[in-house]
K.L.:
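Quick one: the structure is below, and I'll ask about it shortly.
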Amino acid sequence: QVQLVESGGGLVQTGGSLRLTCAASGRTISGVAMGWFRQAPGKEREFVAAITRSGLTTYYADSAQGRFTISRDNTKNTVYLQMNTLQPEDTALYYCAASSGTYFGPRNNEYQYWGQGTQVTVSS
């Protein structure tokens with residue numbers, strides 16, 4: 001069993017930056033890929049970014065490409081999402097998720113464990 005706790009969300013102005021942190025406990029996440037998703041009010045949960053077990057390969061949604069960076073520190077059992085040049089359309093509840101194995105991509109049903117989310121609000 002893996003518990004995931006996100007932090008780092010908040011209110012930021014357009015063009016600002018935030019760094020989200022996902023702290024895992026229960027067991028090591030070094031053996032699984034990790035992802036970030038988000039859900040805005042009235043919308044479905046959508047993929048943001050994913051990273052392989054080693055951290056050497058990443059994958060981004062078009063909306064995140066060039067602005068967001070996913071990374072991980074397996075020694076700290078932690079995953080990060082650096083978000084730059086934030087826009088009002090980035091406003092959402094951001095979730096961290098642990099893959100059931102090596103899959104790292106947009107299909108949320110491939111992720112076995114989920115955190116409770118951290119709110120990101122970007123004001124215009």
K.L.:
For the CD1 atom of Ile51 and the OG1 atom of Thr57, what is their distance to the nearest 0.5 Å?
P.N.:
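Rounded to the nearest 0.5 Å, the CD1-OG1 separation comes to 8.5 Å.
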K.L.:
Would you say the rings of Trp114 and Phe37 are close, in the sense that their centroids are separated by under 6.0 Å?
P.N.:
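Centroid distance Phe37-Trp114: below 6.0 Å, so yes.
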K.L.:
Is it the case that the side chain of Tyr60 and the backbone of Ile70 share a donor-acceptor pair, with hydrogens and angles ignored and the cut-off at 3.5 Å?
P.N.:
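Yes.
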K.L.:
Would Val122 and Leu81 show up in the same hydrophobic cluster when neighbours are defined by side-chain heavy atoms closer than 4.5 Å?
P.N.:
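Yes; tracing contacts between hydrophobic side chains, which count when under 4.5 Å, links both residues.
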K.L.:
Do the side chain of Ser99 and the main chain of Met34 share a donor and acceptor less than 3.5 angstrom apart?
P.N.:
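Pair absent, no side-chain N/O of Ser99 close to backbone of Met34.
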K.L.:
Output the distance between atom SG (Cys22) and atom CD1 (Ile29), rounded to the nearest 0.5 Å.
P.N.:
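Going from SG on Cys22 over to CD1 on Ile29, the span is 6.0 Å.
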K.L.:
Over all heavy atoms of both residues, which pair between Gly105 and Tyr111 is shortest? Give the atoms and the distance, please.
P.N.:
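Heavy atoms only, the tightest pair is O-OH, 2.8 Å.
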K.L.:
I'd like to know whether the aromatic ring centres of Phe47 and Tyr59 sit less than 6.0 Å apart in this structure.
P.N.:
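Ring-ring flag for Phe47/Tyr59: true, centres closer than 6.0 Å.
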K.L.:
Test of understanding: clusters of I, L, V, M, F, W, Y form through side-chain heavy atoms closer than 4.5 Å, transitively. Do Tyr103 and Val79 belong to the same one?
P.N.:
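Hydrophobic grouping puts Tyr103 apart from Val79.
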K.L.:
Might you confirm whether atom CD of Gln116 has over 12 heavy atoms from other residues, nucleotides or ligands at distances under 6.0 Å?
P.N.:
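Atom CD in Gln116 is not crowded, with 12 or fewer foreign heavy atoms closer than 6.0 Å.
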K.L.:
Tell me whether Tyr95 shares a hydrophobic cluster with Leu18, the cluster being built from Ile, Leu, Val, Met, Phe, Trp, Tyr side chains joined at under 4.5 Å.
P.N.:
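No, it is not one cluster - the side chains of Tyr95 and Leu18 are not joined through contacts under 4.5 Å.
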K.L.:
What is the distance from atom CD of Gln13 to atom OG1 of Thr121, rounded to the nearest 0.5 Å?
P.N.:
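Gln13 atom CD to Thr121 atom OG1 measures 13.0 Å (nearest 0.5 Å).
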K.L.:
Of all the heavy-atom pairs spanning Leu56 and Thr52, show the shortest one and how long it is.
P.N.:
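Smallest heavy-atom distance, with atoms named: N-OG1, 3.5 Å.
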K.L.:
If I take atom CG from residue Leu93 and atom NZ from residue Lys43, how far apart are they, to the nearest 0.5 angstrom?
P.N.:
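Here the rounded value is 14.5 Å.
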K.L.:
Are Met83 and Val12 co-members of a hydrophobic cluster defined by side-chain heavy atoms under 4.5 Å apart?
P.N.:
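Yes; tracing contacts between hydrophobic side chains, which count when under 4.5 Å, links both residues.
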K.L.:
Any side-chain to backbone donor/acceptor pair from Glu6 onto Gly117? Under 3.5 Å, distance only.
P.N.:
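Yes, because the side chain of Glu6 sits within donor-acceptor range (under 3.5 Å) of the backbone of Gly117.
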K.L.:
If we check side-chain hydrogen bond (donor to acceptor under 3.5 Å, both in side chains) with Arg67, which of these qualifies: Asn84, Asp90, Thr85?
P.N.:
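The passing option is Asp90.
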K.L.:
May I ask you to establish whether Arg19 and Tyr80 are in a cation-pi arrangement, using a distance under 6.0 Å from NZ or CZ to the six-membered ring centre and at most 45° from the ring axis?
P.N.:
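Because its charged atom sits under 6.0 Å from the ring centre and within 45° of the axis, Arg19 does stack over Tyr80.
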K.L.:
Heavy atoms only: give me the nearest Ala64-Val48 pair and the separation to one decimal.
P.N.:
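That would be CB-O, 3.7 Å.
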K.L.:
Identify the two heavy atoms, one from Thr91 and one from Ala40, that lie closest to each other, and give their separation to 0.1 Å.
P.N.:
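So the two residues come closest at O-CB, 3.6 Å.
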K.L.:
What are the two closest non-hydrogen atoms of Ser63 and Arg38, and how far apart are they?
P.N.:
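Here Ser63 and Arg38 meet closest at OG-NH2, 3.5 Å.
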K.L.:
Under 3.5 Å, side chain of Thr78 to main-chain N/O of Lys76, donor-acceptor pair present?
P.N.:
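Between the backbone of Lys76 and the side chain of Thr78 there is a qualifying donor-acceptor contact (under 3.5 Å).
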K.L.:
Please say yes or no: joined through hydrophobic side-chain contacts below 4.5 Å, possibly via intermediate residues, are Val32 and Val5 part of one cluster?
P.N.:
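No, Val32 does not connect to Val5 through the hydrophobic network.
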K.L.:
Between Arg53 and Gly31, what is the shortest heavy-atom contact and its length?
P.N.:
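Distance-wise, the nearest heavy atoms are CD-O, 2.8 Å.
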K.L.:
Do Phe104 and Glu110 have side-chain heavy atoms sitting under 4.5 Å apart?
P.N.:
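Not touching, per the 4.5 Å side-chain cut-off.
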K.L.:
Mark yes or no for whether Thr14, through its side chain, and Ser123, through its backbone, hold a donor-acceptor pair below 3.5 Å.
P.N.:
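Flag set: sc Thr14 to bb Ser123 pair under 3.5 Å.
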K.L.:
To the nearest 0.5 angstrom, please state how far the CG atom of Leu20 sits from the OH atom of Tyr94.
P.N.:
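With rounding to 0.5 Å, CG (Leu20) is 7.5 Å from OH (Tyr94).
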